[in-house]
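For reference, the structure discussed in these notes is given below.
Remember, predicted model here, so these are calculated numbers, not experimental data. Proteins get letters first, then strands, A, B, ... in listed order; numbering begins at 1 in each.
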There are 2 protein chains.
Amino acid sequence: MARQLSIAAFMMRHGHHVAAWRHPQTDLVSNPFKVFQQQVRNAERACLDAVFFADSLALTGGVPALEPLTLLSALAASTERIGLIGTATTTYNEPYTVARQFASLDQISDGRAGWNLVTSDNAAEAANFGRDQHVAHAARYERAREFHQVVTGLWDSWDADAFVNDKEGARLFDPARLHKLNHRGMHFAVAGPLNVARSPQGRPVVVQAGGSEAGRDLAAETAEVVFTAQPTLAKAQDFYRDIKRRVVEKGRAAESLKIMPGLFAVVGRTQAEADDKFAQLQALIEPKAGLALLGRMIGNFDLSAYPLDGPLPELPQTQDGQRSRQQLLTDLAQGENLTIRQLYERIAGGRGHFTVVGTTEAVADQMQAWFEQEAADGFNIMAPSLPGGLDDFLTLVVPELQRRGLFRTAYQGSTLRKHLGL
Amino acid sequence: MARQLSIAAFMMRHGHHVAAWRHPQTDLVSNPFKVFQQQVRNAERACLDAVFFADSLALTGGVPALEPLTLLSALAASTERIGLIGTATTTYNEPYTVARQFASLDQISDGRAGWNLVTSDNAAEAANFGRDQHVAHAARYERAREFHQVVTGLWDSWDADAFVNDKEGARLFDPARLHKLNHRGMHFAVAGPLNVARSPQGRPVVVQAGGSEAGRDLAAETAEVVFTAQPTLAKAQDFYRDIKRRVVEKGRAAESLKIMPGLFAVVGRTQAEADDKFAQLQALIEPKAGLALLGRMIGNFDLSAYPLDGPLPELPQTQDGQRSRQQLLTDLAQGENLTIRQLYERIAGGRGHFTVVGTTEAVADQMQAWFEQEAADGFNIMAPSLPGGLDDFLTLVVPELQRRGLFRTAYQGSTLRKHLGL
């Protein structure tokens, strides 16, 4: 079979557009778990590789969320095949806890768990964990690398054949196949073993999204999937080449890491329908919400003192994380000479990710071009609003990709690792 | 309606008897989540108040487990009404994380979450969290008290009417009804607010199980349910009186805290059947496993050098936690002049909890006596083995309690708090 696209649905309460909550179809009242449950079942029916949930350890963007590990576990019990990727930071967690919770999710789901390893990069999160300042970039990545080492070491506590289940002989497992970790490093001392049995995947799939030098190096060394924000084919190709080169330099096969850019897709049966859908959301952007989003994404700056229809002011390099996102947005504003309002309108949906507003065929054409021209191994789909935005992608674009032989029409295996071809 | 019993099922992989895994009916092969899912659905059919899962941050007893928050979230999606109580330690977690995960579970489950607040008391757990020694008793309780204060404070971040959901007016919530915590204490500095919306119960139910002076005081101040190990009616009455007195001294109503001793029940249609079931399990105890259990429960001492059929040696007071459990077992051995083997056989099932091996009527009689004679507001049922041990209780004892008017025949509400009458 020809190389196949990997597709995840990047789930966000109300959808990704900053005004999605104001969309007439958006359900603000039901239990949000029930809303996600329906959406994720639809994504499973379309044979998507996975659903993905981001995370934050502070209230950002003014919209509360469910915590990813609890949410994904509940979704595991509601589905059979689709992968379940959740975010957990290495900055304010303990590796024993993260290793346990993902191993447990992997058991519960029969092998469908993925861990999006991130570092925490803003002051609001720090303030919820006893710190006045967030941890500096270099220290965060040092800690993240050691954290990954401990977590994966703990996942290897039990050999696949450790359990002998010999009731007669009173031997539940073979102690020789259980390994203590005895890790002692710069940041962590963890004895092990993990008190969760080896999970069906052995190790849940490790996902990363860092764009900095340190982030790219860590991904090349340890990640199996990279999510990334790339606005154009050319930039995505640069990123793709760079990461694959680093992967090979680390002694790994290029295919052992899948690169999945975000795709904010507004799909219509005609171009006019797609344009109307997008315009409907854009018209719902309150300037205050647009400014807050832009300020947050450009490095946590307050832009409310500047005229909306004037240029983006010169900003110092952010001391919070997301420097690569800051650069991307500054380049965009300068390159196209955008006002503040135009800039926040530009990112209100895709937030700097690849954005397509078009017909089923147009969206599929773009995906195919990126896939065939070494810009992407797959995509992380960002629905503009829920439920309609995701349904459009699942019912229009997925069948078109299937017709083109680019995407599966049935799951071939039962684990996330298998879906991704890892 | 007359005062009703509260009943929780204390779930443990394989069941509570130390040899349960060797029972012919015990399923060692299936996904353990699926095994629990079936059991918990049965418990819901019997209208139990809740299921309860203990926790450990190290491999204790040689049996790996699922992590409680992930497991309970998956069970939330598998049930409709039964309460879901999980353990999370205050010693090696961060309050922001614990507050989020339980608030999220409470949302997912439509108001059925309970948090069993514990302190971590053994060296094996410490070694998984960067410490050579576990935290001393007094410091643990100080931290636990402040931890509880932060978690409940975070749960109150959003007023019940904070969300106005005004799409037209672009007002999702009223900022005046969102509260930052700004906690700065001895152990924690947490700004808040919580990034999970107010959960259906407002605050998930807080459960505790500490038996020490500090533990009882903390429970009287903050707990809504107390689990406890009481071997006899008289001791349970002492404990009940003591805790209720402390509750009233703290200015709370005596009924605002429910006392639920553990009950290890082996039920038969006849006494002979019950005896046979128990004997079958007792015959499966390997001396090595019995010794390990006893050593662990009596304060983490290695007893393998002492003759099995000799007396329990004098032991120093444990420096690990569980001093009250150590006292209980030492008293038992001395009071009845038990050998080491007899002592581990005595605790191999109930582990020092109230134990009844008898007919449906005998078990119901004991429960009724404890309930009516101020020894218990309810029970935490410890099934000897799974699935049979729990099924016996649910299908034999529960209907008998219902016939006696002591237990509901249908759920009256949808939240754990409502089931417990809190």
Exercise. Counting distance only, does the side-chain N/O of B:Asn31 pair as donor-acceptor with the main-chain N or O of A:Gln107 below 3.5 Å?
Worked result: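 Confirmed, B:Asn31 side chain pairs with A:Gln107 backbone.
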
For this session: Look at the side chain of A:Asn195 and the backbone N and O of B:Thr60, then say whether any donor-acceptor pair between them is shorter than 3.5 Å.
Result: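 Here the side-chain-to-backbone pair does not exist.
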
Problem set entry | Minimal non-hydrogen separation, A:Gly62 against B:Phe173, with atom names |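 Nearest heavy atoms, A:Gly62 then B:Phe173: O-CE2, 3.0 Å.
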
For this session: Compare all side-chain heavy atoms of B:Phe129 with those of A:Pro95 and state whether any distance is below 4.5 angstrom.
Result: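 No. Closest side-chain heavy atoms not under 4.5 Å.
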
Exercise. Can you find a pair of side-chain heavy atoms, one from B:Leu59 and one from A:Leu194, that are under 4.5 Å apart?
Worked result: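 Answer no - side chains too far apart.
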
Looking at [options], which one has more heavy-atom pairs under 4.5 Å with chain B than the rest?
options                              : answer
A:Phe36, A:Phe102, A:Trp158          : A:Trp158
A:Ala126, A:Ala74, A:Ala77, A:Ala19  : A:Ala74
A:Ser104, A:Pro200, A:Pro68, A:Ser56 : A:Ser104
A:Asn128, A:Val190, A:Leu181         : A:Asn128
A:Leu57, A:Leu69, A:Leu105, A:Thr97  : A:Leu57
A:Pro193, A:Ala127, A:Pro32          : A:Ala127

For this session: Just give me the residue among B:Ile108, B:Leu66, B:Asn165 that pairs up with chain A most often, heavy atom to heavy atom, under 4.5 Å.
Result: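 Top option by heavy-atom pairs under 4.5 Å: B:Ile108.
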
Quick check on [X] against chain A: is it the side chain, the backbone, both or neither that has a heavy atom closer than 4.5 Å?
X        : answer
B:Ala170 : both
B:Phe188 : neither
B:Glu94  : side chain
B:Asn182 : neither
B:His23  : backbone
B:Arg198 : neither
B:Glu286 : side chain
B:Thr26  : both

Exercise. Is chain B contacted by the side chain of A:Arg171, its backbone, both, or neither, given a heavy-atom distance below 4.5 Å?
Worked result: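 The backbone, not the side chain.
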
Problem set entry | Proximity breakdown for A:Pro24 and chain B, heavy-atom pairs closer than 4.5 Å |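 Backbone only.
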
Exercise. Are a donor atom and an acceptor atom from the side chains of B:Ser73 and A:Thr70 found within less than 3.5 Å of each other?
Worked result: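 Absent: no donor and acceptor within the cut-off.
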
Exercise. Do A:Gln101 and B:Gln101 meet the criterion of a side-chain donor-acceptor pair at a distance under 3.5 Å?
Worked result: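 A pair is found: one side chain offers a donor N or O, the other an acceptor, under 3.5 Å apart.
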
Exercise. Is any side-chain N of the basic residue among A:Asp55 and B:Arg100 closer than 4.0 Å to the acidic one's carboxylate O?
Worked result: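 So A:Asp55 pairs with B:Arg100 through a salt bridge.
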
Problem set entry | Between OH on residue A:Tyr96 and CD on residue B:Glu125, distance to nearest 0.5 Å |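 A:Tyr96 atom OH to B:Glu125 atom CD measures 8.5 Å (nearest 0.5 Å).
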
For this session: Begin with the C-alpha distance, continue with both residues' side-chain angles, and end with the deciding distance and a verdict on side-chain contact (heavy atoms from CB on, under 4.5 Å) for B:Lys34 and A:Asp110.
Result: CA-CA 10 Å; B:Lys34 294 287 165 58; A:Asp110 284 317; 3.5 Å; yes

